[in-house]
Amino acid sequence: MKKFPEGFHWGAATASYQVEGGIENNDWAEAAKQGTVPLCGQACDHFNRYEADFDIAKSLGHNAHRLSLEWARIEPEEGQFDQEAILHYRRVLQALEARGIEPYVTLWHWTLPTWLALSGGIERKDFSAVFARYASFVVNELHTEARHFSTLNEPYSIIINGWLQGEFPPFKRFPLLDGFKITGDDVDSKKTKPEWLAPIKYFTLANILARAHNEAYSAIKKISPNTKVSIVFQIHVFNDSGSLYSKIISYFENWHRNHRFLRMVINQCDVLGINYYFSSDVGSKKVYPKTDMGWDSRPEGIYEALMLVKRYQKPIFVAEAGCADAGDSFRADYIKATVEGICRAILAGVKVEGFMYWSLLDNYEWAYGFAKRFGLVAINYATQERSIRPSAYVYKKICEDNGIVE
Ligand code: BGC
């Protein structure tokens, strides 16, 4: 029996652009119009169906839910905030509260309003101030509806995909990496722009995003000192395989890919959100089964991911971990192994407060469009019909038992 601390938050995550539908004024929608990424269109129509979707989450035993707000809806023009959009999100948060589901709100999950992307995006000199202004506006409006606000999601995914690999807006790629596969994808170089300064940008953009988080943290705290503020950071674990060489390389990789950034923001985090998808074994050729993304299936690695951040002594919530599995043939085992890994980390002294499976619904998987299926709930995009996958019931039992009861 693997019991979790009382009050542990069990739920699932989504992100606005991936599920809401009907968003036409951000950088991804612009790219889709130009044929650089797949169209998102109505996605899961979650914008209109959120109540029914939260009913499903409730029926599945969830007591927490991570969602993001669409910056382009809230600030459609620079400095102009849309009260209708705020009203919508207020209703969304109230719908969660009515069902006894604790919201974890992410202010920015990758998509930028078109005006911001056109005026330089995160490379704009005043980006951190622009982001802090947006963050403080939202928290001022919504802090009575939610206790947890994360500033931004996965800084390195933005940088690696947008400036090194050319998969995300602004589609820049470092030409010397052509032919190498960082995430297992081939880059279509016709749709991308060469960025020879990418290795320098990698560091400067990371600094910009850290500053954006820190300024937003201060701005939010001035408005609402009791709001719990976090960043959501994807941990990529590098394990050594015993040799001195692998120890040196994995130490360097863990510092450079994880700790370097975390050290810039950790003092401005009340809580830390972590996402976990990847572990690498340095100097080992061990082969793992693959998820539908072509990624190694290593859910148990969440233990090492959590141990890696133990040193920061912060409360932690797992903001995402999950797998694409259209056939639902290994998702239940993936979830169980994830939960066991979290349990081991808690026993080893990591203060984990919640786990949000990625994702509640099948959704728009960025450059892959709708092909990949991460959901506990399957979506028929032609009819918008929802069907609960069998693995969702395995997770439901875990949520209701507050752990794994064998
Ligand atoms: C992102 C999600 C994405 C998931 C699966 C995470 O890094 O936050 O938006 O859908 O990975 O690729």
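Start at 1 and go down the list; that is how both ligands and their atoms are numbered.
- Two residues are said to be in side-chain contact when any heavy atoms from C-beta on lie closer than 4.5 Å; Ile342 and Tyr276 fail this criterion.
- Residue contacts with ligand 1 do not include Phe278, since none of its heavy atoms lies under 4.0 Å from the ligand.
- Remark: ligand 1 atoms within the under-4.0 Å shell around heavy atoms of Gln234 are 7 (O).
- Listed by atom number, the atoms of ligand 1 under 4.0 Å from His109 heavy atoms are 1 (C), 2 (C), 8 (O), 9 (O).
- Residues Arg331 and Asp292 are not paired through a salt bridge, judged by the lack of any N-O separation under 4.0 Å between the basic side chain and the carboxylate.
- Among all non-hydrogen protein atoms, the one lying nearest atom 3 (C) of ligand 1 is Glu365 OE1, 3.6 Å.
- With salt bridges taken as basic N to acidic carboxylate O contacts below 4.0 Å, one links Glu320 and Arg66.
- Using a 4.0 Å cut-off between a side-chain N of Lys or Arg and a carboxylate O of Asp or Glu, Glu353 and Lys228 do not qualify as a salt bridge.
- Heavy-atom minimum distance, Pro175 versus Pro194: CG-CB, 3.6 Å.
- Near Glu154, with a cut-off below 4.0 Å to any heavy atom, the atoms of ligand 1 are 6 (C), 7 (O), 8 (O).
- Set against the non-hydrogen atoms of Asn153, the atoms of ligand 1 under 4.0 Å away are 8 (O).
- Any N or O atom pair closer than 3.5 Å counts here, and Asn363 shares no such pair with ligand 1.
- Backbone and side-chain nitrogen or oxygen atoms of Trp110 are examined, and none is located within less than 3.5 angstrom of a nitrogen or oxygen of ligand 1.
- Phe137 is not listed as a side-chain neighbour of Asn140, based on a closest heavy-atom distance of 4.5 Å or more.
- Among all protein heavy atoms, the one lying closest to atom 4 (C) of ligand 1 is Tyr277 OH, 3.5 Å.
- Classification of Lys290 and Asp296 as a salt-bridged pair holds, one side-chain N sitting under 4.0 Å from a carboxylate O.
- Not a single heavy atom of Lys372 sits less than 4.0 Å from an atom of ligand 1.
- Ion pairing between Glu400 and Lys396 holds under the 4.0 Å rule for side-chain N and carboxylate O.
- Of the protein's non-hydrogen atoms, the one nearest atom 6 (C) of ligand 1 is Glu320 OE1, 2.9 Å.
- Annotation: Ser157 places no N or O atom under 3.5 Å from an N or O atom of ligand 1; distance criterion only.
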